[in-house]
Amino acid sequence: MEPFEGPPPRTAALSTPGRIAVAVAIGTVAVGALFHLGMVFLHVAPSNTLSKEHTQAVSDYVYPEFEQNWKLFAPEPLQQNIHVQARAEVRGADGNLSTTGWVDLTGQDIDAMRHNPFPSHTQQNELRRAWSFYTDTHDDKEQPNSGDRSDMSRTYLQRIVQERFGPRLNGGDVVRVQARSATTPIPQPSWGGTRQPAPGTVYRDLPWWPVNAAPAAQENAS
């Protein structure tokens with residue numbers, strides 16, 4: 001009795017060019033994955049000869065989308081809710097300017113994640129990390145203190161805000177956007193001690209940013 005043979009593998013049915021294309025695609029994905037892991041490893045690893053030699057290249061690749069930090073293990077995690085809000089200045093068809101109300105962008109992300117068993121990485125982290133990146137590279141007077149990273153953080157945050165509003169809003173063109181944070185302390189539980197944070201919400205307003213303006217023009221406008 002001859003042994004039963006199942007259908008041939010799908011790759012075996014491919015033509016020679018098809019096999020080459022599959023092999024190239026797999027190789028490209030593998031190389032890309034190794035490159036990504038290598039760059040992230042150099043970013044988080046202790047300072048060494050290789051990371052020092054390629055510091056600029058590693059930073060350009062990692063920031064801001066792939067930044068790594070250890071806040072998860074902080075002895076005192078954040079005890080406040082920070083919501084990023086934004087508004088836009090719109091030029092209508094008649095040429096008149098109007099300003100929208102403040103839109104809670106963080107609230108939109110939270111609503112999108114609520115009851116969603118598989119929320120996207122963008123909904124969870126993009127806006128939060130963009131705001132953190134900005135505040136880490138600017139002082140409380142909105143002056144840059146980290147060189148090129150300050151410019152990158154501002155551009156990154158503005159890009160997110162502009163994408164949320166879109167180029168047109170309420171029948172007009174969006175000409176400027178402004179962001180702010182609304183920070184509300186979280187009361188401690190009854191068993192957490194007698195020290196309680198000051199009540200109320202504190203706002204941090206950023207300058208207006210012209211839409212589609214060059215970074216230098218943005219800096220002068222602010």
Side-chain angles (χ1 to χ4, degrees), residues 60-67 69 71 78 80-185 200-222:
D60 290 343
Y61 178 80
V62 169
Y63 291 108
E65 281 84 357
F66 303 120
E67 181 181 4
N69 61 69
K71 290 183 179 179
L78 291 177
Q80 54 192 8
N81 285 325
I82 301 176
H83 279 226
V84 179
Q85 304 173 347
R87 61 180 178 174
E89 188 176 70
V90 181
R91 177 176 286 112
D94 56 1
N96 292 328
L97 295 175
S98 62
T99 303
T100 69
W102 289 103
V103 179
D104 189 351
L105 304 184
T106 300
Q108 292 178 345
D109 288 345
I110 293 175
D111 289 341
M113 289 185 291
R114 185 172 287 119
H115 308 305
N116 183 355
F118 304 105
S120 72
H121 175 80
T122 298
Q123 293 168 344
Q124 296 180 74
N125 298 308
E126 181 184 58
L127 183 62
R128 178 181 62 85
R129 293 299 302 128
W131 180 261
S132 178
F133 188 23
Y134 177 89
T135 56
D136 286 346
T137 56
H138 291 76
D139 61 24
D140 56 3
K141 296 181 179 180
E142 313 312 334
Q143 296 301 310
N145 54 24
S146 299
D148 292 341
R149 293 188 65 223
S150 297
D151 293 335
M152 184 188 303
S153 69
R154 186 192 61 216
T155 302
Y156 184 48
L157 180 59
Q158 179 180 353
R159 184 181 69 190
I160 293 173
V161 173
Q162 288 183 199
E163 289 179 350
R164 295 293 184 95
F165 283 117
R168 291 185 58 80
L169 187 66
N170 299 334
D173 297 321
V174 176
V175 295
R176 294 199 304 173
V177 294
Q178 184 183 25
R180 74 176 183 182
S181 65
T183 303
T184 306
T201 299
V202 178
Y203 296 94
R204 175 175 176 175
D205 294 84
L206 273 56
W208 281 97
W209 291 327
V211 171
N212 298 327
Q218 293 176 6
E219 185 65 29
N220 293 334
S222 64

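Remember, it's a predicted structure, so these values are computed and weren't measured experimentally.
Residues Val175 and Val211 fail the side-chain proximity criterion, which asks for heavy atoms closer than 4.5 Å. Looking at Val174 and Gln162, their side chains never come closer than 4.5 Å, going by heavy atoms from C-beta outward. Contact check for Gln108 versus Val103: side-chain heavy atoms found under the 4.5 Å cut-off. Using a 4.5 Å heavy-atom threshold, the side chains of Gln178 and Glu89 count as separate. By the 4.5 Å heavy-atom criterion applied to side chains, Ile160 and Trp131 are not counted as neighbours. Residues Thr137 and Asn145 form a side-chain contact, since some pair of their non-hydrogen atoms from C-beta on lies under 4.5 Å apart.
With rounding to the nearest 0.5 angstrom, the CD atom of Gln123 is 10.5 Å from the CG atom of Asp111. The CG atom of Asp136 lies 8.0 Å from the OG atom of Ser146; values are rounded to the nearest 0.5 Å. Atoms CG and CH2, from Asp205 and Trp102 in turn, are 5.0 Å apart once rounded to the nearest 0.5 Å. In this structure, CD in Glu126 is found 4.5 Å from OH in Tyr156, a value given to the nearest 0.5 Å. The CD atom of Gln80 sits 11.0 Å away from atom OG1 of Thr201, with the distance rounded to the nearest 0.5 Å. Note that the CD atom of Gln85 and the CG atom of Asp104 stand 5.0 Å from one another [nearest 0.5 Å].
With Asn125 contributing its side chain and Arg129 its backbone, the two residues share no donor-acceptor pair below 3.5 Å. Side chain of Ser150 to main chain of His138: no donor-acceptor pair is present (N/O by atom type, distance under 3.5 Å, no hydrogens or angles). Using a distance-only test at 3.5 Å, with no hydrogens or angles considered, a donor-acceptor pair links the side chain of Thr106 to the main chain of Val84. In terms of modelled atom types and a separation under 3.5 Å, the side chain of Arg168 and the main chain of Gly171 share a donor-acceptor contact. At distances below 3.5 Å, at least one donor-acceptor pair connects side-chain atoms of Thr100 with backbone N or O atoms of Ala88. Side-chain atoms of Thr155 do not come within 3.5 Å of backbone N or O of Met152 as any donor-acceptor pair. Remark: the backbone N or O of Pro119 is paired with a side-chain donor or acceptor of Gln124 at under 3.5 angstrom.
Applying the 6.0 Å contact sphere to CZ of Arg180 captures more than 12 heavy atoms from other residues, nucleotides or ligands. More than 12 heavy atoms of other shown residues, nucleotides or ligands fall within 6.0 angstrom of atom CG in Asp173.
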For Ile110 and His83, what are the C-alpha separation, side-chain angles and deciding distance, and is it a side chain to side chain contact (heavy atoms under 4.5 Å, CB included)?
CA-CA 10 Å; Ile110 293 175; His83 279 226; 3.9 Å; yes

What do the steps show when you test Arg204 against Thr135 for side chain to side chain contact (heavy atoms under 4.5 Å, CB included), and what is the final call?
CA-CA 10 Å; Arg204 175 175 176 175; Thr135 56; 3.5 Å; yes

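Between Arg164 and Asp109 there is a salt bridge, since a side-chain N of the basic residue sits under 4.0 Å from a carboxylate O of the acidic one.
Remark: the Tyr134 side chain and the Gln158 side chain contain no N/O donor-acceptor pair separated by less than 3.5 Å.
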